[in-house]
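Notes follow once the structure below has been shown.
To find a chain, count down the sequence lines: A is the first, B the second, and so on, and within it residues start at 1.
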2 protein chains.
Amino acid sequence: MAAVTDAKTNVAATAPARGRRSASFLNPGLILDAAMAIIERDGPDGLTFRRLGISLKADHTAVLRHFGSKDDLLIALAGRLMDVALEGFAPEGEWRETLLSLARRVRSAALAHPGVAVLVSARSARRPSVLGAADAAIGALRQAGLSVQDAALYYQVLADTAMAAAAYEAATLNLDSDARDGDELAWRREYLAAPPQRYPHLASAAPHLADIDNEREFEALMGLLLDAVEVRAQRARDADANGHDGR
Amino acid sequence: MAAVTDAKTNVAATAPARGRRSASFLNPGLILDAAMAIIERDGPDGLTFRRLGISLKADHTAVLRHFGSKDDLLIALAGRLMDVALEGFAPEGEWRETLLSLARRVRSAALAHPGVAVLVSARSARRPSVLGAADAAIGALRQAGLSVQDAALYYQVLADTAMAAAAYEAATLNLDSDARDGDELAWRREYLAAPPQRYPHLASAAPHLADIDNEREFEALMGLLLDAVEVRAQRARDADANGHDGR
DNA sequence: CGGCGTTGGCTACGGCGTTGACATTGCTGT
DNA sequence: ACAGCAATGTCAACGCCGTAGCCAACGCCG
């Protein structure tokens with residue numbers, strides 16, 4: 001039809017109908033920014049190439065020139081999230097503060113971008129910032145008095161637990177916003193309604209369960225872990241002091 | 001082509017071409033079984049109504065008569081996974097064993113069905129079996145000597161941490177199987193290649209990081225948490241013994 | 001035995017990720 | 001200066017996906 005051709009030639013008159021518009025006006029940083037904005041606005045399921053294209057005023061397939069697949073895009077988002085989390089981090093004086101600070105940073109980043117966090121959890125980003133954080137964390141554990149082996153093990157535990165807890169919390173945040181079928185609130189109400197003769201402990205604890213918020217829970221988790229690490233470090237130091245071989 | 005009409009009439013001759021085939025040959029249990037089988041075979045992304053239909057020898061839209069949406073199906077899967085995890089559970093004599101057993105059950109179920117676990121994580125299933133487990137866990141913490149408030153708090157921490165850790169591990173398992181772009185293995189190799197002058201602690205710990213397997217990490221996590229809980233319970237009991245008010 | 005709710009089949013719609021062909025741009029070496 | 005070429009954006013199309021609407025067969029209840 002003429003209309004179609006008209007539209008085509010019309011565009012061609014004002015700007016190139018095909019071929020690139022200018023020297024690479026799309027670039028990975030721009031795309032990642034747009035993607036994060038879309039996720040924050042529409043949730044994790046709202047991120048599609050087509051919407052990305054609209055937001056960037058480009059064809060949706062143009063994004064594929066910079067990220068080979070949606071998976072690549074998600075991996076890049078994971079990297080950006082980690083960079084945001086660790087931006088400006090430097091080890092504190094006290095080993096415990098260093099580790100707490102790292103854990104809180106991971107959680108904060110996940111809560112600030114819950115949609116991103118849930119998309120990329122367990123997608124360990126290979127980045128310099130992460131290497132620096134790992135080095136600082138292991139250094140802190142060594143400073144506490146742990147052996148290299150123990151420092152390695154507990155670093156892994158602490159890092160993975162912080163990531164897992166942050167992703168878990170982010171996942172519930174996403175649910176609350178886009179599928180408010182009372183997945184969490186009704187849950188706690190159900191605890192309160194538990195038959196006391198059948199679930200006596202649960203019934204007596206239910207009122208206290210109701211007023212645990214996520215932050216307090218996270219702090220309690222990290223407190224428990226760091227306390228236990230401290231105890232083991234103390235034991236290791238004691239053993240080290242009693243003659244130069246342990247035991 | 002005659003073949004198409006032939007096929008139709010052929011089916012009509014042997015069995016009804018339309019309308020239901022027999023009294024409700026589809027039911028939720030059957031559908032859930034098929035869904036779990038598909039996820040285990042094809043991974044979490046392999047679960048679609050169409051494949052479910054093929055596997056059940058039914059039209060894919062027939063499943064919607066039993067589960068109003070895919071979300072409903074996932075929630076039902078979450079419930080089934082929790083039931084599998086807690087099947088046959090009974091509290092042990094020792095409080096620590098009770099809590100460890102619950103955590104290991106959650107992890108085992110998640111690893112046995114990683115695709116399901118990652119689909120439904122943070123989708124807390126409202127089920128009797130979960131209520132029973134919660135009651136047993138809180139009872140164990142009370143038995144250890146904690147106050148009701150502390151038992152509630154630490155129950156929440158332990159339960160959520162076990163679920164989060166299990167889901168996290170399941171997520172990495174799924175990645176390893178369907179996107180073997182070396183997300184985990186290359187990661188550890190990168191640790192080994194870290195420049196020692198820039199990341200001294202990391203470099204010295206890298207060889208030990210390499211031989212931490214997932215199970216050891218999970219056991220270390222639970223060991224740390226339970227140790228810390230034990231210390232706090234001990235403190236609470238001591239305080240209780242010194243005059244009947246704490247402090 | 002006649003209506004009617006339940007359940008399954010079919011068609012269709014809009015949206016998704018991804019591919020392949022094509023056009024335009026800007027850099028390259030000579 | 002200019003041919004060649006890689007990079008980058010556009011377009012059309014493919015095969016999936018979830019789900020809505022309508023129709024047909026079955027079992028049940030009056």
Using nucleotides 12-16 of chain C, report all nitrogen or oxygen pairs with the protein that are shorter than 3.5 Å.
| from | atom 1 | to | atom 2 | distance (Å) |
| --- | --- | --- | --- | --- |
| C/dC16 | OP1 | A/Thr48 | OG1 | 3.2 |

Practice item. Rounded to the nearest 0.5 Å, what's the gap from CD1 on B/Ile212 to OH on A/Tyr154? Could you check? Key: 10.0 Å

Exercise for review: Look only at the side chain of A/Arg216 and the backbone of A/Asp211, and say whether a donor-acceptor pair between them is shorter than 3.5 Å.
Suggested key: yes

Point to revise | Atom pair distance, as rounded to whole Å: CG in B/Asn27 and C1' in C/dT6 | key: 14 Å

Exercise for review: Take atom CD1 of B/Ile54 and atom P of D/dG18, then tell me their distance rounded to the nearest Å.
Suggested key: 12 Å

Review point. Nearest 0.5 Å, what's the CG-CD distance between B/Leu209 and A/Gln156?
Key: 5.5 Å

Exercise for review: Verify whether one side chain among A/Thr61 and A/Asp59 offers a donor that lies under 3.5 Å from an acceptor in the other.
Suggested key: yes

Revision key, fill the gap. Whole-Å distance, A/Phe25 CZ to C/dT24 P, equals 16 Å

Review point. Is there a side-chain contact (heavy atoms from CB on, under 4.5 Å) between A/Leu153 and B/His208 once you walk through the steps?
Key: CA-CA 8 Å; A/Leu153 175 60; B/His208 305 291; over 6 Å; no

Exercise for review: Whole angstrom is fine here: how far is it from CZ in A/Phe67 over to C1' in C/dT19?
Suggested key: 19 Å

Check your understanding: Any sub-3.5 Å donor-acceptor pair from B/Asn174's side-chain atoms to B/Pro114's backbone N or O?
Key -> yes

**Study point:** Whole angstrom value for the distance that separates P of C/dG8 from CG of B/Leu30
**Key:** 10 Å

Exercise for review: Return the value, rounded to whole Å, for the distance between atom CG of B/Asp59 and atom P of C/dG8.
Suggested key: 11 Å

Check your understanding: How many Å lie between NZ on A/Lys57 and C1' on D/dT10, as a whole number?
Key -> 17 Å

Exercise for review: Could you state the atom-to-atom distance from NE2 of B/His66 to C1' of C/dT7 in whole Å?
Suggested key: 6 Å

Check your understanding: What distance do A/Asn27 atom CG and A/Asp33 atom CG have between them, rounded to the nearest 0.5 Å?
Key -> 8.5 Å

Exercise for review: Evaluate the salt bridge (Lys or Arg N to Asp or Glu O under 4.0 Å) criterion for residues A/Glu87 and A/Arg105: first the C-alpha distance (whole Å), next the side-chain angles of each, then the deciding distance (0.1 Å), finally the verdict.
Suggested key: CA-CA 9 Å; A/Glu87 182 188 340; A/Arg105 278 167 171 275; over 6 Å; no

Review point. Would you say B/Thr172's side chain and B/Glu169's backbone share a donor-acceptor pair under 3.5 angstrom?
Key: yes

**Study point:** For DNA chain D, stems built from three or more consecutive Watson-Crick or G-U wobble pairs below 3.5 Å
**Key:** C:1-30 with D:1-30

